[in-house]
Number of protein chains: 2
Amino acid sequence: MPVTINDIAKAANVSPSTVSRTIANNPRISEKTRERIFKLMKEMNYHPNMIARSLANKSTKIIGVIVTGSAEKAFQHPFFPEILSGIASGAYKSGYKILISSVNSAQEEKKAVSEYAMSGITSGIVLLASRVRNTSADELRQMDFPFVVVGRPENECDVNWVDNDNVRVGHDLTRHFLENGRREVAFLGASPEFTVTSDRLEGYKKALTENDIPVRDELIVNGKFVDDTGYGLMKELLDRGIRPDGVIACDDLLAFGAIRCLQEKGFRVPEDIAVAGVNNVPLDEYFDPPLTSVDVNAFSLGAKAFDLLITNMTSEHRSIDRAIVPARLIVRKSTV
Amino acid sequence: MPVTINDIAKAANVSPSTVSRTIANNPRISEKTRERIFKLMKEMNYHPNMIARSLANKSTKIIGVIVTGSAEKAFQHPFFPEILSGIASGAYKSGYKILISSVNSAQEEKKAVSEYAMSGITSGIVLLASRVRNTSADELRQMDFPFVVVGRPENECDVNWVDNDNVRVGHDLTRHFLENGRREVAFLGASPEFTVTSDRLEGYKKALTENDIPVRDELIVNGKFVDDTGYGLMKELLDRGIRPDGVIACDDLLAFGAIRCLQEKGFRVPEDIAVAGVNNVPLDEYFDPPLTSVDVNAFSLGAKAFDLLITNMTSEHRSIDRAIVPARLIVRKSTV
DNA sequence: ATAATGTGAGCAAACGGTTGCGCAGTTTAA
DNA sequence: TTAAACTGCGCAACCGTTTGCTCACATTAT
């Protein structure tokens, strides 16, 4: 139904090739013809068919973004949308569209990846919330398909990735607690399946060790990135008779849950127990008490990821790049 | 590079047509041939090229989602991601992928719409955060392209839409204030360009009138959907010497800002002034005081939108459907 | 005047599928 | 026994663009 390049060609009394070349700004088309054709395109409301173009070009202007986490939950964590808009911002400037898909198992992820990569529908992929051992990444690398993962994967040297220096995030947070006189700092992690958790834990341990404070395993617990378990994890810790003077949560939502639990039990935050989170969600400052957190700069994470992807897509030889996005400790009342 | 239908055909000693029909489960292919071909497809790791398929079919398995609001900000409001995941959830089940794009002006929206619709890249569109007068919608309807808008547009009878009953949302909220003895209830709206605001305002007025309370224009102010202006709007109201005993904000983020302002000025919430918002963002319950809000069921909004879209796409004749998603008042301490 | 070069545009194949039509070979009905 | 119907598959056109090659004509160099 819509007008095609052939319709324009007929109307202009030229061949389809000429119209195509006109659109592509090919210098071998005379100025007269060019103008005549452009005029007709406006008049007839011509819009190029992206599908046909992609088929001929064997490439599209679409990148795929794959979010790990159930379709119902994944987007709702403030962290993802922010990354997403970082990606979208870059994509918009370069004329790329983004195709998103959220999966909730490694298997679904693999399926989505092969659909995106092998069906020719995207010409690059961003993997969000990478698992420690990412089989999709292996597959993509093997088929030489451009992609970048957000979050350092275990096999980091073989893939493009962008991430914060999460060891440092853990380290900085811990040091902040120590500098404020805390000595028994608990660590509430998310699922250890994800690299962020283990990296931050590493930083936590490092900071303790540097300050000659023994790492006590009973102060370290793991959960998932949902708020309720922040409450649950904290409760478990308290029920076991453990009384830290500080709590580092791997996510603000975990911290919120933890604080609620502490307050219910009659502890004062930060007087009795200091609590900090990570991700600096917008409502940290409205919380009571305002929550100390780490701004991981999710937007930049997304933007950088897109940059890397484009570089990888357009460069002749697949190179291995990576970017470390700086994170920033934001001290609020929950820890001082 | 990747293996095509022709490669399979050669390997199986049949014609490409036969392979194609095998994939399409055409009954005129014998069981033997079918099995042989499927086996080869697995072995050779064949994946259909979606682009080619789309070109031949003149249709894709992709729907476009257009978000109004800047690429940097739009996704960050908790409301959008939730709608998005509602859409994604439906899409996933039906094998559709979603292409998202965020725009920050009516003009960009129009551009995105025509790109999506005319380039053949999507076969349906969801418009989020519809303006009162939506020119994109007019254009889409005119070209008979399947789409649905989330949020009732002004020209509602001509388009498919899904929304809450926002008049009722405003009405319920206001009645809640009145039932708690409030008599001077201010209304903090978002930009009147969007239908939600005017609808809720209508409900607000209706409830007042029903209770024989005069509508006072000086109690009604408009802003945008960003938290800072919640503070700003409230401050403006107070600076003008207005002292309401209740504040209805059209969005939780507005309410947060308003409350912060009130507290700074020494007012107690809810004792002096009750405040409620809309959207029931996850952190309402952590706020101090926990915020009364309305759960607009954004996920269902998205899911319903997808349903309507699919119906519209697959049905022979374009019909005009719409869906009202129930909203639910959630009373918390900020108003009682 | 002739050859070499440049200019502007068309032909046709290709991208990877889908599908209407036709055609053998086999089965069923008359 | 012959016609009709069915079965299983191939041929070729088509979807809308892109692009290598060719070609006619005009320009410049020899």
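Proteins come first, then strands; the chains are lettered A, B, ... in the order of their sequence lines, and each starts at number 1.
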* Minimum-distance nucleotide (side-chain atoms of A:Ser30 versus D:dG16, C:dA9, C:dG17) -> C:dA9

* Asked: Would you say C:dG16 has OP1 or OP2 under 4.0 Å from some side-chain N or O of B:Thr4?
  -> no

* To do: Would you kindly give the CG-to-P distance between A:Asn26 and C:dG8, to the nearest whole Å?
  => 11 Å

* To do: Check the side chains of B:Ser20 and B:Ser17 for a donor-acceptor pair under 3.5 angstrom, ignoring hydrogens and angles.
  => no

* **Separation of C:dC15 C1' from A:Arg53 CZ (nearest whole Å)** => 15 Å

* Structure fact -> Closest to the 5' end of DNA chain D, once A:Ile23 and B:Val14 are matched to their nearest nucleotides, is B:Val14

* **NZ/NE/NH1/NH2 to OD/OE distance under 4.0 Å, B:Lys39 and B:Glu43** => yes

* Asked: Contact class for A:Asp7 (heavy atom, under 4.0 Å): base, sugar-phosphate, or nothing?
  -> nothing

* Asked: Whole Å only: how far is the CG atom of A:Asn57 from the P atom of D:dT18?
  -> 6 Å

* Per the atom types in the model, does the base of C:dG8 pair as donor or acceptor with the side chain of A:Arg28 at under 3.5 Å? -> yes

* Asked: Do any side-chain nitrogens or oxygens of B:Thr18 fall under 4.0 Å of OP1 or OP2 in D:dC9?
  -> no

* List in chain and number order the residues that pass side chain to side chain contact (heavy atoms under 4.5 Å, CB included) with B:Glu31, two or more places apart in sequence or in another chain; answer none if no residue qualifies. => B:Arg34, B:Glu35

* For C:dG16, take OP1 and OP2 only and decide whether either is under 4.0 Å from a side-chain N or O of A:Lys58. => yes

* base_contact_polar (D:dG10 base, B:Arg21 side chain, donor-acceptor, <3.5 Å) -> yes

* Between atom CD1 in A:Ile121 and atom P in C:dG16, what is the gap in whole Å? -> 16 Å

* Asked: Looking at side-chain heavy atoms only, is the closest gap between A:Val148 and A:Trp161 below 4.5 Å?
  -> no

* Asked: Is a side-chain donor or acceptor of B:Thr311 paired with a backbone partner of B:Asp307 at a separation under 3.5 angstrom?
  -> yes

* Asked: Quick one: A:Leu55 CG to C:dT18 C1', roughly how many Å, whole number?
  -> 13 Å

* Nearest-Å distance for atom pair CD1/P, residues A:Ile29 and D:dT19 -> 13 Å

* Quick one: does B:Val67's side chain get under 4.5 Å of B:Leu84's, heavy atoms only? -> no

* Asked: Between C:dA9 and A:Thr33, is there an OP1 or OP2 to side-chain N/O distance shorter than 4.0 Å?
  -> yes

What does the list of N/O pairs under 3.5 Å between the protein and nucleotides 12-14 of chain C look like, with a distance for each?
from, atom 1, to, atom 2, distance (Å)
C:dA12, N6, A:Ser17, OG, 3.3

* What distance do A:Ser114 atom OG and B:Asn45 atom CG have between them, rounded to the nearest 0.5 Å? -> 8.0 Å

* Asked: Roughly how many Å is it from CG in B:Asn49 to C1' in C:dG16, rounded to a whole number?
  -> 6 Å

* When the distance from CD1 of B:Ile8 to C1' of C:dG16 is rounded to whole Å, what number comes out? -> 13 Å

